[in-house]
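The sequence lines fix the lettering, A, B, ..., with proteins before strands; numbering per chain opens at 1.
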There are 2 protein chains.
Amino acid sequence: MKLSTKGRYGLTAMLDLALNYGEEPVALKNVAERQGISEPYLEQLIAGLRKAGLVKSVRGAQGGYILAYPPDKITVGDVMRVLEGPLAPVDCVIENEPVSCEKADHCVTRIIWEKIRDSINQVVDSITLQDMVDEYNRINGQKGYMYYI
Amino acid sequence: MKLSTKGRYGLTAMLDLALNYGEEPVALKNVAERQGISEPYLEQLIAGLRKAGLVKSVRGAQGGYILAYPPDKITVGDVMRVLEGPLAPVDCVIENEPVSCEKADHCVTRIIWEKIRDSINQVVDSITLQDMVDEYNRINGQKGYMYYI
DNA sequence: AATAAAGCCTAGTTAATAGCTTGGAATTCT
DNA sequence: AGAATTCCAAGCTATTAACTAGGCTTTATT
């Protein structure tokens, strides 16, 4: 019941982009350095986010990435679902997917999994990157350097 | 972000015991057959539950397992934590465990993980095996045979 | 007392997956 | 032209999940 590094690194990277929203594109090299993540690995993660339309890339020298939308239009759930897949504790309660298990209608444990799924989704869908930026500013105030992660 | 078969099979097995609470001990062989789980594998799972004090065993012929407490005294969370470990999406928010990450005080993503952790725990700690038994009876009513899982 | 039915215990095994690394091509600013 | 970047595909390695195998111990039944 753990998240993978994809979800963790990816959300951190998106927060990094959110903190730099409105400025020049951010090179992945810089994100990787600030956050202590392997750059080529992060490259793979952000490729998924780009294909999902959450970030835009600018190629070539002085290029980098920017959020495709303002931080208040992107939720943690948007990011996590791209990186982790459907946020369901078991396959039989993945949203918008037909249930293959023939016992589903009589299954009591399935009801538990649905409740867990819903509670997770309620959390991640109610928090935007802007909320995280605000929290970042509240916690780290006028400090001279950036604590990200 | 998926549960393992330990959590899934284990909760199903505990529901099986709860449905038989107050009667003779239930042999693992029967649980395994009803639920379609490999018996020796289930044996390992229930060993953990026994060591955690959630079930009692009766050895020898006609032996088996019984819940150590009435079904309304055992929560889904009790069971899941034994089988899956702490229900935290990342290690840095495991309850009652010192945080090793030195950035924790300045970490914004960590707040997200805490909220996810809390929402999961709120769900599983508020549902008892008795709740599941009641739901089972509501769904399956007077049917002739048992749909478990 | 013998037998069979159960739980108990430890150690394999196997396939999949996570978490990267490697290498190079394409693009664009300076 | 050259450097800085994104883009793409493949390969690698250690860990883990999900079992299986085999044998010992306990106890009700006959």
With a cut-off of less than 4.0 Å, is there a side-chain N or O of [X] near OP1 or OP2 of [N]?
X       : N      : value
B:Ser38 : D:dA18 : no
A:Tyr65 : D:dC7  : yes
A:Thr5  : C:dG19 : yes
A:Tyr41 : C:dA18 : no
B:Ser4  : D:dA18 : yes

What nucleotide among D:dC19, C:dT28, D:dT6 has an atom nearest to a side-chain atom of A:Ala61?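 Of all the options, the side chain of A:Ala61 is nearest to C:dT28.
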
Counting the atoms with a prime plus P, OP1 and OP2 as sugar-phosphate, which does B:Ile46 contact under 4.0 Å by heavy atoms, base, sugar-phosphate, or nothing?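 B:Ile46: no heavy atom of the nucleic acid under 4.0 Å.
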
In terms of side-chain geometry, is the basic nitrogen of A:Asp125 or A:Arg81 positioned less than 4.0 Å from the acidic oxygen of its partner?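 Yes, charged N to carboxylate O under 4.0 Å.
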
Can a donor-acceptor pair be found, under 3.5 Å and without considering hydrogens, that links the side chain of A:Asn121 to the backbone of A:Arg117?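 Yes, A:Asn121 side chain to A:Arg117 backbone: donor-acceptor pair under 3.5 Å.
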
If we count only N and O atoms by modelled type, under 3.5 Å, do the side chains of B:Ser4 and B:Glu84 hold a donor and an acceptor together?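 There is such a pair (donor and acceptor under 3.5 Å, judged by atom type) between the side chains of B:Ser4 and B:Glu84.
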
Quick one: [X] [atom1] to [N] [atom2], roughly how many Å, whole number?
X       : N      : atom1 : atom2 : value
B:Glu39 : D:dG22 : CD    : C1'   : 14 Å
B:Glu43 : D:dT25 : CD    : P     : 16 Å
A:Glu24 : C:dC29 : CD    : P     : 12 Å
A:Leu28 : D:dT5  : CG    : P     : 11 Å
A:Asn30 : D:dT5  : CG    : C1'   : 11 Å
A:Gln35 : C:dG19 : CD    : P     : 17 Å
A:Lys6  : C:dT17 : NZ    : P     : 11 Å
A:Leu45 : D:dC8  : CG    : P     : 15 Å

Compare every heavy atom of B:Cys107 with every heavy atom of B:Ile111, then report the nearest pair and how far apart it is.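 Of all heavy-atom pairs spanning B:Ile111 and B:Cys107, the closest is CG1-O, 3.9 Å.
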
Quiz item: B:Gln44 side-chain donor-acceptor pair to D:dT20 base, under 3.5 Å: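 A donor-acceptor contact between them is present.
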
Taking for each residue the nucleotide of DNA chain C bearing the nearest heavy atom, is the 5' side occupied by A:Arg8 or by B:Lys29?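 It is B:Lys29, whose closest nucleotide lies nearer the 5' terminus.
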
For A:Val76 and A:Leu11, run side-chain contact (heavy atoms from CB on, under 4.5 Å): C-alpha distance rounded to whole Å, both residues' side-chain angles, the deciding distance at 0.1 Å, then the answer. CA-CA 7 Å; A:Val76 173; A:Leu11 185 60; 4.0 Å; yes

Criterion side-chain contact (heavy atoms from CB on, under 4.5 Å) on B:Ile120 and A:Met1, from CA distance to verdict: CA-CA 10 Å; B:Ile120 293 172; A:Met1 205 47 183; 4.1 Å; yes

pair A:Val99-A:Arg110: side-chain heavy atoms closer than 4.5 Å: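 Yes, side chains in contact.
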
Close residues, residues 47-60 of chain A, relative to DNA chain D [heavy-atom separation under 4.0 Å]: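 When residues 47-60 of chain A is checked for heavy atoms under 4.0 Å from DNA chain D, the hits, listed by number, are A:Arg50, A:Ser57, A:Val58, A:Arg59, A:Gly60.
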
